[in-house]
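Heads up, the thing below is written out as structure tokens.
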Amino acid sequence: MKDELNTSYAELHKVRVTYANGDGVEQATLSIAPGEFVFLVGPSGAGKTTVLKTLYLELRPSEGHVRVGSYHSLFSKTRDIPYVRRSIGIVFQDFRLFTDRDVFDNLAFVLEVLGKSRKEIKRRVLRVLADVGLSHLARKRPQELSGGEQQRVALARAIVNEPRLLLADEPTGNLDPETADYMMRLLQRINERGASVLMATHNYEMVKRYQGRVVFIRNGQISG
Amino acid sequence: MRLSYLVKTCAMHFKRAWLSSLFSVFTIMFLLVLLGFFGLLWINLQQLVHSLSSQVQIHAYLSDGLLESQIEPLRSRLQQVAGVARVTFISKADAAAAFQHEFGKELFSLMDENPLPASFVVDVQESYRTETGIRGVAERIQAEPGVEEAVSHYKTLRLLNRYADAASRINLFLFLFVAAGSLLLVANNIRLVIGSQKERIDTMRLVGATASFIRAPLIVEGVVQGLLGGVLALLVLHWIYSMIGGLLSGFQLQGMEKGGLLIAAGGVLGLLGGCIGIKRYL
Ligand SMILES: Nc1ncnc2c1ncn2[C@@H]1O[C@H](COP(=O)(O)OP(=O)(O)O)[C@@H](O)[C@H]1O
Ligand SMILES: [Mg+2]
């Protein structure tokens, strides 16, 4: 029952996800085409993180379906999930960096999971760290870095596997305007290299200054 | 998964819970030493029983009044007794000579008559060389007219058999104890390694790690703990052996060649403990 005209890389279709207390999203429909840059804009508590979690398959819709790459929530198996996630990059709102290892090993872990060789891992990690201007911090632990630096490490870890889809949850949320602009240009560069990007933010004023399709969310309802 | 990643992760986990890891290794060692000690005791007792039973002969002492002409017919009758392999006649004179050879004394200088009875030395067939087998043969020989008394050492065999049985029963009990102890320790070590890492492990899953990728290092750690415990136990047993070996002269201690089993047992227990720990705590 797969869509014949399947031009999107990932989509939510009439998705309902509710937490135990009744909060969540309802009738959420959203599709992201290959190479597209989409802003998901809404106030705090609107359901942005919930949408992203559904897309990276941490939350399972109770109605509707989610499709990412070859994964389809109605037809695919749970044990396929790790492999789908390898084609996604996630910048978590709270970073979720590994505090028990340094920046280099935070990125290296993603490639270990992919089974890359030591040489390949070193090459890719160093290149990505250079890309986001963090080469000099490779041997620092995340907790020794500033918030802005941690945010960039989170981005670097999300793109080191060269994902088809990047999900970024408030990646500029705690940054001063200048650093936020640097982060936006990094995201655009990743998008230009071919990845689809879905960025959640509460800051519509900032979004207006950049290219991309804007989708609004409020009280768990998405509106184009 | 790359080997160096595996090693690095295991080392990281060891650093996080080194005390409990070492505790696991040494307790497994201690438990396996106990197991190994009684195992070796059992092996050696069995060996002893086996070698003694192959040596056991029955001495059939003949009545003093037996006539020369009755000896050959008695020999033929003994030869027919079930379980008898070979019958050798020892005359009164032979017995005296043997006595003299052994004790170096002139028997006849002390007494005016040779007091040693004539006898048949009976070798028992292979399949009868057990405690009950030998006992049966001895009873049948005893029943023959002309035989005063048939003496065998089946009672010694019975005693040794009993010790061997006890050792094997202790061993079974110990094995259960060792198994339960090792499983508990290895599983608990996983609990400590995982500790407050729930969020970190969730993140690993979110960046695409499979369950087995996360589990593999934990399983390897369990197996390594078990194997290390086994190796150390073997070293301790070797040391105990060389101590006891020095005390026992002449008797060759056996069973050390089965030491690999102890290491394997440690490894298997570590593996199972790892699986249990993962099921419970991950
Ligand atoms: N784990 C949770 N349990 C219960 N309610 C939650 C949970 N996570 C989020 N919510 C609620 O769901 C709604 C949407 O949350 P979220 O998706 O995090 O919003 P946003 O990311 O847009 O700030 C909010 O009302 C929030 O309080
Ligand atoms: Mg959020």
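Proteins come first, then strands; the chains are lettered A, B, ... in the order of their sequence lines, and each starts at number 1. The structure presented is a predicted model; accordingly, all values stated were derived computationally and were not measured.
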Taking CZ in B:F37 as the centre, count heavy atoms belonging to other residues, nucleotides or ligands within less than 6.0 Å. Is the count above 12? no
Where does A:S117 contact chain B at under 4.5 Å (heavy atoms): side chain, backbone, both or neither? backbone
Counting C-beta onward and ignoring hydrogens, is there a side-chain heavy-atom pair between B:M12 and A:R101 closer than 4.5 Å? yes
Min side-chain heavy-atom separation B:S4-A:R118 under 4.5 Å: yes
Does B:R200 use its side chain to pair, donor to acceptor, with the backbone of A:R96 at less than 3.5 Å? no
CZ of A:R127: more than 12 outside heavy atoms within 6.0 angstrom? yes
For A:I121, is it the side chain, the backbone, both, or neither that has a heavy atom closer than 4.5 Å to a heavy atom of chain B? side chain
Can you tell if the side chain of A:E112 reaches within under 4.5 Å of the side chain of B:F213, non-hydrogen atoms only? yes
Test side chain to side chain contact (heavy atoms under 4.5 Å, CB included) applied to A:R79 and B:T210, step by step: CA-CA 8 Å; A:R79 66 161 184 274; B:T210 53; over 6 Å; no
Any non-hydrogen side-chain atom of B:T203 less than 4.5 Å from a side-chain atom of A:R157? yes
A:Y182 OH: over 12 foreign heavy atoms closer than 6.0 Å: yes
Do B:K8 and A:D105 come within less than 4.5 Å of each other through their side chains, counting heavy atoms only? yes
Residues, nucleotides or ligands: over 12 heavy atoms within 6.0 Å of B:F30 CZ: no
If you look at every heavy atom in A:P82 and B:A209, which pair is closest and at what distance? CB-O, 4.0 Å
Heavy-atom contact with chain B under 4.5 Å, split by part of A:D100: both
Is it the case that the side chain of A:R85 and the backbone of B:V207 share a donor-acceptor pair, with hydrogens and angles ignored and the cut-off at 3.5 Å? no
